[in-house]
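In what follows, a single structure is set out as structure tokens and then discussed.
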Amino acid sequence: MSEVAVITGATHGIGRVTSRELARAGKTVVMLCRDLTAANAVRAEIARQVPHARLEVGRCDLASLASVREAAAAIRRDYPPLGLLVNNAGMVSTRRRASVDGFELTFATNHLGPFLLTALLSDHLDKAARIVTVASRIHYRGCLDFDKVTNARARYQATAAYAQSKLANVMHTFALARRMSGTGISANCLHPGVVRTNLLPRWLRVVKPLITRVMFDAERGARTSIYLALDPGVAGISGRYFDEYQQPQAAAALANDVELQESLWKRSALWTGAPQRATNAGCHADLSS
Ligand SMILES: NC(=O)c1ccc[n+]([C@@H]2O[C@H](COP(=O)([O-])OP(=O)(O)OC[C@H]3O[C@@H](n4cnc5c(N)ncnc54)[C@H](OP(=O)(O)O)[C@@H]3O)[C@@H](O)[C@H]2O)c1
């Protein structure tokens, strides 16, 4: 398998720990981040902890489709086909804001950016590559309402917006796994646990009922990402949703609705301008249908 791993959102929390452990495992880790100063500080920190670490930093603001396109082009230009893509970055906006492309910001950052990045890199993946997406258990509370993504006057509620974006992560993973079937490339997603990170303090207010008795630190919260990225036992497993104990679980009924997955896929492709046909070198994965 290719030793090149791309991860988004490596500057803090789960992504920072995941990056460190991928580097420790011998991967060349390309950290795609919107804040290059913070990313370089993390690179230096990991280099101190893991002397043999091979870490690179690239700029990518997932809330900007142009930035995602530039990042994907740089990856394709500068690196051989990837062995791993970790869609980790995520956020929640407490009030409705629009991305530079005019989409609701939480959905744009958590789903549309990763959707486009994955599509643009799908023909630059090694034949045993793994795609790992950090979703959330909150997807069980999500429903898809496309109007909320494009209509600036639609009622905004942070929990609902975040849950919708995380439902989209799970649906994207399942639709991706179907398209990648038979290629050797896998796509899985996960809930990391309720993890004490930058995301949570602001978020704590809105999801209070969901907070479990024990909150994980980032080290513990990164375990399922690391497991899905590296564990030999995961080889051949695709299209699954894993919990914070590295166990496969049934995703929400809505997430398993193939018609809805396809509707989301088509809408996401339309909105992002993602290539409708992406052929994986040697694998011929067809992402168009
Ligand atoms: N923490 C939890 O309890 C929990 C639970 C379920 C799921 N998750 C998921 O876990 C993943 C990691 O979150 P975390 O808890 O580690 O949160 P975090 O500490 O806030 O880290 C989030 C990362 O995403 C990056 N990011 C945010 N917006 C971005 C953008 N527009 N473009 C590029 N990068 C962006 C942040 O970069 P900056 O440094 O530039 O802000 C940061 O590196 C997310 O997908 C989140 O939804 C977390």
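Treat the numbers as computed from the prediction; the structure is a model and nothing was measured. Remember, it's 1-based here, ligands and their atoms both numbered in the order they're listed.
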Looking at G13, which atoms of ligand 1 are within less than 4.0 Å of one of its heavy atoms? 16 (O), 19 (O)

State, without any angle test, whether T106 and Y156 hold a side-chain donor-acceptor pair at a distance under 3.5 Å. yes

Hey, is T109 touching ligand 1 through its side chain, its backbone, both or neither, going by heavy atoms under 4.0 Å? side chain

Would you mind telling me if ligand 1 is within reach of the side chain of L32, the backbone, both or neither, using heavy atoms under 4.0 Å? neither

For residues N88 and T18, is any side-chain donor paired with an opposing acceptor at under 3.5 Å? no

Testing T173, N169, T118, T8 for side-chain hydrogen bond (donor to acceptor under 3.5 Å, both in side chains) with N87, which one passes? T118

Evaluate the ring planes of H172 and F115, with Trp represented by its six-membered ring, and classify them as parallel (under 30°), tilted (30 to 60°) or perpendicular (over 60°). tilted

Is the terminal nitrogen or CZ of R178 (NZ for Lys, CZ for Arg) located under 6.0 angstrom from the six-membered ring centre of W265 and within 45° of that ring's axis? no

G193 heavy atom under 4.0 Å from ligand 1: yes

Heavy-atom nearest pair, S225 first then I14, reads OG-CG2, 4.1 Å

Within ligand 1, which atoms have a heavy atom of V134 less than 4.0 Å away? 9 (C), 10 (O), 11 (C), 45 (O)

Is the count of non-hydrogen atoms from other residues, nucleotides or ligands lying under 6.0 Å from Q49 atom CD greater than 12? yes

Would you check whether T197 has a nitrogen or oxygen atom less than 3.5 angstrom from a nitrogen or oxygen atom of ligand 1? yes

Does ligand 1 have an atom under 4.0 Å from some heavy atom of Y162? yes

Go through ligand 1 atom by atom and flag the ones less than 4.0 Å from a non-hydrogen atom of C60. 32 (N), 33 (C)

I need the atoms of ligand 1 closer than 4.0 Å to a non-hydrogen atom of A63, numbered in the order shown. 31 (N)

Between A38 and ligand 1, find which residue part has any heavy-atom pair under 4.0 Å and reply side chain, backbone, both or neither. neither

Quick one: does L62 get an N or O within less than 3.5 Å of an N or O on ligand 1? yes

Ligand-residue contact atoms, ligand 1 with G9, heavy atoms, under 4.0 Å: 23 (C), 24 (O), 25 (C), 43 (O)

Within the 4.0 Å heavy-atom cut-off, what K166 brings close to ligand 1 is side chain

Less than 3.5 Å between some nitrogen or oxygen of V194 and one of ligand 1, yes or no? no

Start with the C-alpha distance between R54 and E3, add both sets of side-chain angles, then the distance that settles salt bridge (charged side-chain N to carboxylate O under 4.0 Å, His left out), and finish with yes or no. CA-CA 10 Å; R54 291 193 303 265; E3 291 304 310; 5.2 Å; no

In ligand 1, which numbered atoms sit nearer than 4.0 Å to a non-hydrogen atom of I14? 10 (O), 15 (O), 16 (O)

Side chain, backbone, both or neither: C33 near ligand 1, heavy atoms under 4.0 Å: neither

S136 N/O to ligand 1 N/O under 3.5 Å: no

Counting only heavy atoms, tell me which of D35, T133, V92, L199 gets closest to atom 48 (C) of ligand 1. L199

Does any donor atom in the side chain of H191 or T224 lie under 3.5 Å from an acceptor atom in the other side chain? no

Check: D61/S67 side-chain N/O donor and acceptor closer than 3.5 Å: no

Of all heavy-atom pairs linking L22 and A5, the shortest is CD1-CB, 4.3 Å

Closer than 4.0 Å to some heavy atom of H12 - which atoms of ligand 1 meet that? 19 (O), 21 (O), 39 (O), 43 (O)

With a cut-off of 4.0 Å, which atoms of ligand 1 are near a heavy atom of G90? 22 (C), 24 (O), 27 (C), 44 (C), 45 (O)

Could you tell me whether ligand 1 has any atom less than 4.0 Å away from a heavy atom of G113? no

Test side chain to side chain contact (heavy atoms under 4.5 Å, CB included) applied to I75 and V30, L120, L85, L117, the passing residue: V30

Below 4.5 Å, heavy atoms only, C-beta onward: do R220 and D217 meet side chain to side chain? yes

